[in-house]
Every structure is written in C-alpha cells, then in structure tokens.
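The next block holds one structure in the form of structure tokens; read it before the comments.
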Amino acid sequence: MDKQLQRILPRVQKPARYVGGEVGQVVKRAEDVRIRLGLCFPDTYEIAMSNLGLHILYGVFNEMDYVWCERVFAPWGDMAAEMRGANIPLYGLESGDSAGEFDMLGFSLGYEMAYTTVLDMLDQMGLPIRSADRTGLAPLVFAGGSAAYNPEPMADFIDLFVLGEGEEVGPELIALYDQAKSDGRTKAQFLRQAAGIPGVYVPRLYDVSYHPDGMIAGITPQSGAPERVSKRIVADLDKSHFPVAGIVPSTEIVHDRVVLEVFRGCIRGCRFCQAGYTCRPMREKAAAALIEQGIAALGNTGYQEITLSSLSTSDYSDLGALCDGLLDWCASRHISLSLPSLRADNFSMEIMERVQKVRKSGLTFAPEAGSQRLRDVINKNVTEEALLESLQVAFAGGWSGVKLYFMLGLPTESDEDVIAIAELVQKVQWTWKKHAVNKNRGLRLTVSTSCFVPKPHTAFQWEAQDTMEEYSRKVAILREHIPRGISYNWHEPETSFIEAALSRGDRRLGTVIEAAWRSGARLDAWSDYFSFDRWMAVFADCGIDPAFYARSRGGGEVLPWSHLDVGVSEEFLRRERAAAYAESLTPDCRSDCAACGANLMAKGGVCNA
C-alpha cells in the first residue's frame with residue numbers, strides 16, 4: 001500500500017472502503033495483459049458493491065485473458081479531500097494504480113443524480129472531463145446502465161454509451177479496442193468503427209438542431225452512423241455469467257447477501273416504470289440453474305442470507321420449486337431466503353411460510369396509488385381486494401410488519417385519489433385488527449410516498465411532472481388524512497425536480513452539469529451533499545429553466561432519446577398512453593401479447609412471457 005495512503009486512512013470514515021484485498025478479487029500482472037479496464041461506479045463502496053450488475057461485468061471482463069478489470073469507486077467527502085490534499089489520484093482497488101492510466105474506463109449510470117460524481121471521478125483521475133479534450137485513444141471513457149437510455153445530458157463527457165446489457169456488448173467493444181490499440185488507430189477512427197457494433201451509441205456522430213423555442217428540430221446521424229441505435233440483450237440467461245465466487249466485501253454494504261437474479265424484464269406493463277419497458281423481453285433462468293448457482297455462491301462467500309432479485313419476483317413461473325431447492329440446503333445451515341418485489345395479486349402464503357422459517361421479516365407491497373381508478377390509469381393490475389386478502393392471510397399467519405409504497409403526482413391524479421391512500425391504509429388497519437393473531441406486538445405499518453418522475457421510453461414520457469408546490473400540497477393532504485399510529489415518510493420534491501430535468505434533458509444540460517460540479521456538486525444522490533439551491537443557481541447562470549424539461553411534451557415533438565431503440569415501439573407507448581386516459585387495463589404479457597415490439601429483440605422472435 002502507498003505510504004501516503006497509509007497515513008491518510010486513519011483520518012477517514014470506514015477506511016476499509018479504500019484498501020481492496022477482499023476475498024474473491026481478481027489480481028493479474030499488468031505485464032501479462034494488453035487491456036487495463038476500470039469498472040467505475042459513481043457512488044460509495046457500500047452502494048457499488050451491492051450492485052449485482054457490477055459483479056457480473058467484473059467476472060465477464062476478467063474472464064478475458066488479455067484484460068484486467070479493476071474496480072474504481074467514488075470516495076466519501078473526507079477521503080476525497082485527503083486524496084486531493086496529498087495529490088493521490090483515484091485508483092483501482094486491485095492494484096492501487098492510477099485509474100487515469102488505464103486503457104478503458106466504464107461508468108455505470110444507474111441514476112441521474114450520479115452525473116456530477118462521474119465528472120468528479122474523472123477529475124480525480126487527472127483527466128479532462130470533456131470527451132473532446134481527451135484526444136488520445138486512451139483512456140476511452142464509456143458508460144451504460146438505466147440512465148444511459150437517455151444519454152444526451154452526458155454526451156459532452158462520455159466517448160460512447162452502451163445501450164442494453166453490458167455482458168453482451170462489452171467483450172465486443174473491448175476486442176475492437178484491443179485491435180485499434182494494436183493497429184495504432186486514432187480515437188476518432190476507433191469511435192467510427194465502434195458505432196458499427198449494435199448497441200453502441202457515439203454522441204459525437206449525431207448532430208442535434210433546435211427550434212427557436214428550444215425544442216429539438218432534428219437529430220441527424222453523420223455519414224456511417226446508424227439512424228437508430230438499438231439496445232442489446234442476453235437472449236439465454238442460463239448461459240450467462242453469474243458470479244458464484246464473487247468478491248466478499250471488506251466492510252458492511254447495503255445489500256450484504258447473495259443476490260440471485262431469477263429473470264430479466266417484466267410481464268406487467270406498469271405505465272410509469274422505465275425498467276419494465278427497457279428491460280423487455282421477459283427472460284427467465286431455469287430453476288435448476290438458479291439453485292446450483294445460489295448454493296455455490298453461498299458456499300464460496302459464507303453469506304447467511306440469499307435474496308431473489310427481479311422486477312417482480314412472485315411472477316417467476318417456478319418459484320415454489322426454486323424456493324424448495326434452495327431451502328433444502330439453506331434451512332439446516334440457518335441461512336435465510338428473502339423474496340422482495342412481491343405482488344399482492346399473486347402473494348403466496350404457502351411460499352412465505354416456507355422461506356421465512358429461518359427469519360421472519362416484514363412484508364412490502366407497492367400499490368402505487370390509493371384508488372382503483374388511478375391504479376387502472378397506471379396499469380398496476382392490483383385490486384384493493386387482492387391487497388387486503390393477501391394482508392389478511394399474512395396477519396393471520398403471524399406477520400405484523402408491513403410497508404406500503406405509493407407515488408404522488410401520477411397523471412390524472414386528483415385530491416380524491418390522494419385521500420384514497422389514507423382510506424386504503426385505514427382498511428389495512430381494520431384488516432389487522434380483525435385477523436391478526438399476535439396483537440400484543442401491534443401493527444407496524446409504514447407508508448412511503450415518492451414524487452412521480454415521467455421517464456423516457458415509458459407510456460408517460462410525454463407527461464408533465466407535478467410542480468414542487470403541487471406535490472407538497474398533496475403531501476399535506478395525505479398527512480392530514482392518514483390515520484394515527486401510522487408511520488408516514490415522503491420524499492422531498494426538490495431532488496425529484498432536478499432528476500426530472502436530467503432524465504428528460506438534452507445535450508444543452510452538459511453545461512449545467514459541469515457548472516454544478518465546478519460549484520461543488522458531487523454525490524448528489526446523498527442528502528448530505530445535495531444542494532437544491534446550488535442546482536437552481538447554476539441553471540439560472542446557464543440561462544436554462546429546468547421546468548422546460550419537466551413540462552408535458554407534444555405528441556409530435558422530437559424527444560432527446562428519439563433515435564435510441566429499447567425494443568418497445570413508440571406506437572405501442574402511444575397506445576398505452578391513450579389506454580391510461582381511458583382508464584383501460586392492458587393484460588400482462590403471459591395473458592395476452594400486446595405487441596410492444598420487444599419479442600423481436602429476442603433470438604427466435606420469442607420471449608419467456
């Protein structure tokens with residue numbers, strides 16, 4: 001370990017974040033590889049190491065014999081200040097070498113509030129933050145993740161974006177880079193070749209023009225660039241990489257357990273859910289493969305908990321067999337199995353009783369809206385009766401802890417819909433009083449509301465976000481009506497307002513993001529660091545109104561992400577928007593294919609739904 005680093009670590013919080021050396025990390029000799037790759041996560045160690053996608057990519061890239069992939073995470077404020085004071089650049093955890101000297105740097109963009117942290121990390125590596133100012137082939141800076149489905153606000157800083165699932169595109173991109181490095185190609189030559197890889201988007205190869213009113217007039221590809229860039233998917237998850245011998249963190253992380261991904265995509269079609277659209281088509285892993293991988297991961301890491309991960313775990317078609325297979329091995333070893341992402345309409349008490357023999361946790365459901373009318377608008381496909389029946393069974397079975405999640409500001413929402421949340425909560429209380437078997441413990445009911453953010457590539461991508469004042473007014477209404485004894489938490493609207501601008505923005509926001517970073521913004525997903533006043537000041541200084549991006553969009557408006565294809569057609573999204581205003585339901589994919597277009601992205605033209 002560097003001697004300067006040794007002197008610094010005793011002065012910072014959680015020094016284990018910064019030393020590497022964990023069981024399961026991959027260490028290679030630099031002279032034995034041709035490509036050194038930094039897998040960069042713009043957040044702290046605890047958040048980054050809880051991300052299953054990072055572990056998957058780490059394993060995939062390190063299986064390439066000529067590649068050494070290292071982890072690079074954002075330091076907390078105290079460590080960042082110490083490193084800058086000692087002139088220590090941001091480094092790879094495996095080697096301790098400066099990440100700015102690597103060949104490739106891949107950033108995971110899971111949420112828009114991480115944008116300023118990307119700039120801060122590049123600066124801590126000693127690199128220019130703008131792509132145009134990094135003239136050499138190395139280091140190539142690329143990015144992927146859910147926020148990359150509208151990459152335009154970060155177009156000035158990232159050389160290329162990967163759309164879709166990185167383990168499908170990444171090896172092809174690295175192989176092309178390896179050849180370019182060997183041949184002595186320039187960065188410009190490489191980027192033009194990379195644009196030919198399906199799923200790779202190179203912003204500098206697209207020209208954006210604007211109308212006088214600020215709306216986009218057109219997005220024009222340069223010669224040789226594809227008119228539309230389509231995402232990539234892994235067609236067969238049974239053959240995909242899973243980190244059965246992954247890295248065991250050196251300090252406690254947010255999700256300190258084995259995370260077993262059971263499927264990708266979702267059959268439900270909630271109209272607000274970006275992941276539900278962009279992760280299509282639905283693809284399941286076989287239960288036998290999951291059981292084998294889960295047991296191997298537990299044995300290799302020593303974790304005492306395993307959780308099943310997906311957008312809607314109770315929709316897994318062979319859930320009973322999967323749980324039984326895992327519990328046969330876990331129960332005798334006192335290893336707990338947890339099932340997040342449950343739905344009230346297919347909640348199975350039989351399965352819950354089996355999986356919670358080791359440890360009984362609380363139940364979490366997301367009705368999203370209080371009234372049936374509004375749940376139909378968003379295509380939630382969950383009835384009040386189904387929710388109360390599931391809770392009745394749970395309370396009778398000994399459960400007393402429940403969390404309910406809702407959104408405020410959904411399209412067509414009225415004050416009556418807001419009050420309906422409180423009325424539904426009261427019915428949950430009555431259900432517990434009537435059916436609970438352990439009333440001495442009391443009902444532990446927590447209600448949480450967030451501010452709806454209309455996201456790209458959803459049926460609500462054209463909708464306006466509620467103003468902060470309107471959202472706060474609705475929070476006040478709900479606080480007034482919610483029954484006593486209920487814990488009510490709500491998200492503050494300021495972060496959601498900035499998130500809406502960044503998620504729906506265009507390239508002109510690059511100047512705002514840079515100005516925010518130069519004003520001190522970093523780690524904006526943390527309340528410790530987020531400053532709404534700072535963001536509003538830089539928006540004003542740049543002459544840009546964030547409300548312009550939170551507004552409703554006209555049906556014929558060119559959207560900043562119009563040239564990017566996630567496999568769900570615009571025609572389908574328009575049909576779903578019309579169905580929302582008609583308060584009409586669209587059946588789930590297993591009941592009836594709605595012809596969204598995602599099937600065509602799966603090999604053979606089929607999906608598991």
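Side-chain atoms of S240 and E167 include no donor-acceptor pair closer than 3.5 Å. Donor-acceptor pairing under 3.5 Å is lacking for the side chains of E261 and S310.
Using a 4.5 Å heavy-atom threshold, the side chains of Q304 and S336 count as separate. You'll find the side chain of L308 stays beyond 4.5 Å of the side chain of S338, heavy atoms only. A 4.5 Å side-chain heavy-atom check between L290 and V262 finds at least one atom pair inside the cut-off. F61 is not listed as a side-chain neighbour of I35, based on a closest heavy-atom distance of 4.5 Å or more. Considering only heavy atoms from C-beta on, L573 comes within 4.5 Å of W462 through its side chain. Here the side chains of F242 and L260 are in contact, with some heavy-atom distance below 4.5 Å. Taking 4.5 Å as the limit, some side-chain heavy atom of I158 sits within range of a side-chain heavy atom of V118. Put simply, the side chain of V67 does not reach to within 4.5 Å of the side chain of V33, judged on heavy atoms.
Taking 4.0 Å as the cut-off between side-chain N and carboxylate O, R268 and E368 do not count as a salt-bridged pair. For R17 and E46, the salt-bridge test passes: some basic side-chain N is under 4.0 Å from an acidic carboxylate O. Using a cutoff of 4.0 Å between basic side-chain nitrogens and carboxylate oxygens, E94 and K28 are not scored as salt-bridged. Look at R590 and D588 and you find no salt bridge, because none of the NZ, NE, NH1 or NH2 atoms lies under 4.0 Å from a carboxylate O. Using a cut-off of 4.0 Å between Lys/Arg side-chain N and Asp/Glu carboxylate O, R504 and E499 are scored as not salt-bridged. Salt-bridge check for K231 with E168: failed, with every basic side-chain N at 4.0 Å or more from each acidic carboxylate O. Salt-bridge formation is not detected for the pair D236/R283: no Lys NZ or Arg NE/NH1/NH2 atom is positioned less than 4.0 Å from an Asp or Glu carboxylate oxygen. A salt bridge links E165 to R264: one of the charged nitrogens lies within less than 4.0 Å of a carboxylate oxygen.
A cation-pi arrangement is found for R34 relative to Y66, the charged atom lying closer than 6.0 Å to the ring centre and inside a 45° cone about the ring normal.
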Could you walk me through whether C69 and V26 pass the side-chain contact (heavy atoms from CB on, under 4.5 Å) check? CA-CA 8 Å; C69 176; V26 176; over 6 Å; no

Assess whether side-chain contact (heavy atoms from CB on, under 4.5 Å) is satisfied between M121 and F107, documenting all intermediate values. CA-CA 10 Å; M121 291 176 71; F107 281 87; 3.9 Å; yes

Evaluate the criterion side chain to side chain donor-acceptor pair (under 3.5 Å) for residue pair S146 and Q274; output intermediate values, then yes/no. CA-CA 8 Å; S146 58; Q274 186 183 51; 5.1 Å; no

Please step through side chain to side chain donor-acceptor pair (under 3.5 Å) for the pair Q179 and R185, ending with a clear verdict. CA-CA 9 Å; Q179 188 62 52; R185 298 174 196 158; 5.6 Å; no

Worked verdict on V202 versus F142 for side-chain contact (heavy atoms from CB on, under 4.5 Å): CA-CA 9 Å; V202 181; F142 65 100; over 6 Å; no

Run the side-chain contact (heavy atoms from CB on, under 4.5 Å) check on R232 and E172 step by step: do they pass? CA-CA 12 Å; R232 294 281 292 279; E172 294 179 27; 2.6 Å; yes

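Between atom CG of residue D315 and atom SG of residue C266 there is a gap of 6.0 Å, rounded to the nearest 0.5 Å. The line from CG of L585 to OG of S591 is 11.5 Å long, rounded to the nearest 0.5 Å. Note that NZ of K285 and CD1 of I291 are 12.5 Å apart. Values are rounded to the nearest 0.5 Å. Expressed to the nearest 0.5 Å, how far OH of Y18 lies from OG1 of T251 amounts to 10.5 Å. Atom CE of M49 and atom CG of L93 lie 8.5 Å apart (nearest 0.5 Å). I306 contributes atom CD1, which lies 6.5 Å from atom CG of L337 (distance to the nearest 0.5 angstrom).
In this structure a side-chain-to-backbone donor-acceptor pair under 3.5 Å is present from T458 to F460. Proximity of a side-chain donor or acceptor of Y58 to a complementary backbone N or O of Q25 within less than 3.5 Å is not detected. Counting only distance, with no hydrogens or angles, the side chain of R375 and the backbone of K380 share no donor-acceptor pair below 3.5 Å. Under a 3.5 Å cut-off, the side chain of R36 and the backbone N or O of A30 do not form any donor-acceptor pair. Remark: side-chain polar atoms of N62 are not paired, donor with acceptor, to backbone N or O of W68 under 3.5 angstrom. The closest donor-acceptor contact from the side chain of S50 to the backbone of I253 lies at 3.5 Å or more, if one exists at all. In terms of modelled atom types and a separation under 3.5 Å, the side chain of Y177 and the main chain of D103 share a donor-acceptor contact. H457 places no side-chain N or O within 3.5 Å of a backbone atom of Y277 that could act as its donor or acceptor partner. For the pair T117 (side chain) and L523 (backbone), a donor-acceptor distance under 3.5 Å is present. In terms of modelled atom types and a separation under 3.5 Å, the side chain of D159 and the main chain of V141 share a donor-acceptor contact.
Dense packing is recorded around NZ of K187, with more than 12 heavy atoms of other residues, nucleotides or ligands lying under 6.0 Å away. Heavy atoms of other residues, nucleotides or ligands lying less than 6.0 angstrom from CD of E292 number 12 at most.
Each of L137, L173, D178, L39 was evaluated against M104; a single residue qualifies, L173, per the side-chain contact (heavy atoms from CB on, under 4.5 Å) test.
When all heavy atoms are compared, the tightest approach of F73 to L90 is O-CD1, 3.6 Å. A pairwise comparison of heavy atoms in R71 and E22 identifies NH2-OE1, 2.8 Å as the closest pair. Heavy atoms only, all atoms of each residue included: R271 and V377 are closest at NH1-O, 2.9 Å. Looking at every heavy atom in both residues, S108 comes nearest to P42 through O-CD, 3.1 Å. Nearest heavy atom pair, residue P281 against residue I233, reads CD-CD1, 3.7 Å. Of all non-hydrogen atoms in P456 and S503, the two that sit nearest each other are CG-O, 3.1 Å.
Below 30°, between 30° and 60°, or above 60°: for H563 and Y206 the angle between ring planes is between 30° and 60°, a tilted geometry.
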